[in-house]
Amino acid sequence: MCGRYAASRRPEDLVDAFEVEKWEPEETLAPDWNVAPTKEVYAILERPLKDAESRRPVRQMRVLKWGLVPSWAKSPEGAARMINARAETLHEKPSFKKAFSARRCILPADGYYEWVTAAEERELEVEGRKKRPRKQPYFVTPADGSVFAMAGIYEFWRDRTLPDDHPQAWWATCSVVTTEAESGPLGVAPAEGPRSLADIHPRMPLMLTPDHWDAWLDPSRTGLDELRSLLAPPPEGLMRAYPVATAVSNVRNNGPELLTELEGPEVATLF
């Protein structure tokens, strides 16, 4: 899954990397090393410009809220639970299938965080004894230092309690597409700890390599078979994972120090 990630790259760098045609500098977000659900995030998407004569899709960088609200929802209350969309069921889930067909995006990140349960607590869980588990966070990022392009979907929701000209009348929200975690060796593995992403968690964000960006963003691709082919995972061995301080577990903590690699886990795990 993906419940927290880091996004600290300059918007100008993202515009260059993704060949964005339009973005509004006034929408610049501060670097965020602890992105949590319901926060605003950058998204790369293609759609016609509002009020433009041409209906040609234009590649844009927009600010969306993380936590998808379906267009038919009566309220946005469930957004915090809609942060992930499983690749295997995107085409059939009512909350996601229309967005998957017509509103796909890329959510650029430095990488994402995942937590591994401590050894003693995991044994207690197996025994059925109640105890809040201590977990070791890991940061997962491309081994070559490139931008981590997460597949996403987005949706628009109209708040009917507000007038049309209200700045918050329309919500633009998104969800991260997840897939089965890689079981092959990491591109760069820590000295001690997990040897694959599946060792950390059974799910991971679907990473899009640059050769898949155009096809994923193209809104003219709507055929189910063609769309499902876009969900193929990238080659294994492109990622690295390393332990980071447990400070990232508190969403109030934020700063580049959260990405500092530890020499070893702070919490003993089963690896």
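Every heavy atom of this structure was used, including side-chain atoms; hydrogens, water molecules and symmetry mates were not. FYI, the numbering just counts along the sequence from 1.
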(request) Quick one: name the residues clustered hydrophobically with Y113, using the 4.5 Å side-chain heavy-atom rule over I, L, V, M, F, W, Y, and just say none if it's on its own. (result) W33, W115, F139, Y242, V244, V248, L258, L259

(message) What I'd like to find out is whether the side chain of Y138 reaches to under 4.5 Å of the side chain of P194, using heavy atoms alone.
(response) yes

(request) Search all heavy atoms of W72 against all heavy atoms of S95 and return the closest pair with its distance. (result) CZ2-OG, 3.7 Å

(message) Check E40 with K65, please: is the shortest side-chain N to carboxylate O separation under 4.0 Å?
(response) no

(message) Measuring only between side-chain heavy atoms, which start at C-beta, is P37 closer than 4.5 Å to M82?
(response) no

(request) Group every Ile, Leu, Val, Met, Phe, Trp and Tyr by side-chain heavy-atom contacts under 4.5 Å, then state whether L29 and M61 land in the same group. (result) yes

(request) Taking only Lys NZ, Arg NE, NH1 and NH2, and the carboxylate oxygens of Asp or Glu, determine whether E261 and R240 approach each other closer than 4.0 Å. (result) yes

(message) Membership question, hydrophobic clusters at under 4.5 Å side-chain separation (ILVMFWY): are V147 and L45 in the same one?
(response) no

(request) Take C174 and L68 through the side-chain contact (heavy atoms from CB on, under 4.5 Å) test and state the conclusion after the steps. (result) CA-CA 5 Å; C174 61; L68 190 137; 5.7 Å; no

(message) Give me the atom names and distance for the closest heavy-atom approach of W157 to S75.
(response) CZ2-CA, 3.7 Å

(message) One thing to verify: whether E27 and R62 come together as a salt bridge, which I'm taking to mean a side-chain N less than 4.0 angstrom from a carboxylate O.
(response) no

(request) For the pair R59 and E21, find out whether any cationic side-chain nitrogen is under 4.0 Å from an anionic carboxylate oxygen. (result) no

(message) Closer than 4.0 angstrom, basic N to acidic O: yes or no for R158 and D164?
(response) yes

(request) Step through it carefully: locate the ring centre of W213, locate the ring centre of F18, and say whether they are under 6.0 Å apart. (result) yes

(request) Would you confirm whether T173, through its side chain, and V69, through its main-chain N or O, come within 3.5 Å as a donor-acceptor pair? (result) yes

(message) My understanding is that only residues two or more places apart in sequence, or in another chain, count here; which of them pass side chain to side chain contact (heavy atoms under 4.5 Å, CB included) with N250?
(response) R252, N253

(message) Do F156 and S71 have side chains that approach each other closer than 4.5 Å (heavy atoms only, starting at C-beta)?
(response) no

(message) Applying side-chain contact (heavy atoms from CB on, under 4.5 Å) to M204 and E182, what does each step give before you reach the verdict?
(response) CA-CA 8 Å; M204 65 176 288; E182 298 175 2; 3.9 Å; yes

(request) State the CG-CG distance between L231 and L208, to the nearest 0.5 angstrom. (result) 9.0 Å

(message) Working to the nearest 0.5 angstrom, can you tell me the gap between L14 CG and I44 CD1?
(response) 6.0 Å

(message) Quick check against the 3.5 Å criterion: does K39 have a side-chain atom that pairs as donor or acceptor with the backbone of N34?
(response) yes

(request) With rounding to the nearest 0.5 Å, note down the distance linking CE in M207 to CD1 in I106. (result) 11.0 Å

(request) Write down the atom of M239, the atom of P142, and the distance for their closest heavy-atom approach. (result) CE-N, 3.7 Å

(request) Provide the closest heavy-atom pair for C105 versus W216 in the form atom of the first, atom of the second, distance. (result) O-NE1, 2.7 Å

(request) Considering non-hydrogen atoms only, spot the tightest contact between E180 and R203 and give its length. (result) N-NH1, 3.6 Å

(request) Write down the atom of L262, the atom of A245, and the distance for their closest heavy-atom approach. (result) CD1-N, 3.7 Å

(message) Distance check, rounded to the nearest 0.5 Å: M1 atom CE versus R86 atom CZ?
(response) 11.0 Å

(message) According to a hydrophobic-cluster definition based on side-chain heavy atoms being under 4.5 Å apart (Ile, Leu, Val, Met, Phe, Trp, Tyr only), do V58 and L217 belong together?
(response) no

(request) Without swapping roles, check the side chain of S101 against the backbone of K98 for a donor-acceptor pair under 3.5 Å. (result) no

(message) Counting C-beta onward and ignoring hydrogens, is there a side-chain heavy-atom pair between P219 and R47 closer than 4.5 Å?
(response) no

(request) Report yes or no: do L64 and V35 belong to one cluster of Ile/Leu/Val/Met/Phe/Trp/Tyr joined by side chain heavy-atom distances under 4.5 Å? (result) no

(request) Give, for atom CZ of R10 and atom OG1 of T28, the distance between the pair rounded to the nearest 0.5 Å. (result) 10.5 Å

(message) For F148 and Y112, take the angle between the two ring planes, folded into 0 to 90°, and tell me which bin it lands in: parallel under 30, tilted 30 to 60, perpendicular over 60.
(response) parallel

(message) Any heavy-atom pair between the side chains of L186 and R195 that's under 4.5 Å?
(response) no

(request) Measure the shortest side-chain to side-chain distance between V63 and Y42 over non-hydrogen atoms and say whether it is less than 4.5 angstrom. (result) yes

(request) Might you work through the ring-ring contact (aromatic ring centres under 6.0 Å, His included) test for W66 and Y154, ending with a clear yes or no? (result) CA-CA 9 Å; W66 187 21; Y154 68 100; over 10 Å; no

(message) Go through it in stages, so that I can follow the logic: the residues are L49 and Q60, the test is side-chain contact (heavy atoms from CB on, under 4.5 Å), and I'd like the CA-CA distance, side-chain angles, deciding distance and then a yes or no.
(response) CA-CA 9 Å; L49 295 176; Q60 309 170 45; 3.7 Å; yes

(message) Under a 3.5 Å distance rule, please check whether R228 uses its side chain to pair with a backbone N or O of L224 as donor and acceptor.
(response) no

(request) Take L227 and H91, measure what side-chain contact (heavy atoms from CB on, under 4.5 Å) needs, and give me the verdict at the end. (result) CA-CA 9 Å; L227 291 178; H91 63 288; over 6 Å; no

(request) Give the cluster check for I200 versus V188: same hydrophobic cluster or not, with ILVMFWY residues linked at side-chain heavy-atom distances below 4.5 Å. (result) no

(message) Are more than 12 heavy atoms, taken from residues, nucleotides or ligands other than E263, located less than 6.0 Å from that residue's CD atom?
(response) no

(message) Between E236 (side chain only) and G184 (backbone N and O only), is there a donor and an acceptor less than 3.5 Å apart?
(response) yes

(request) Could you walk me through whether T178 and N84 pass side-chain hydrogen bond (donor to acceptor under 3.5 Å, both in side chains), step by step? (result) CA-CA 6 Å; T178 66; N84 292 163; 5.3 Å; no

(request) Would you check if R9 and P108 make a side-chain contact, meaning some heavy-atom pair closer than 4.5 Å? (result) no

(request) State the CH2-CG distance between W170 and D159, to the nearest 0.5 angstrom. (result) 10.5 Å

(message) Under a 3.5 Å distance rule, please check whether T141 uses its side chain to pair with a backbone N or O of D110 as donor and acceptor.
(response) yes

(message) Are the side chains of P190 and P243 in contact, using a 4.5 Å heavy-atom criterion?
(response) yes

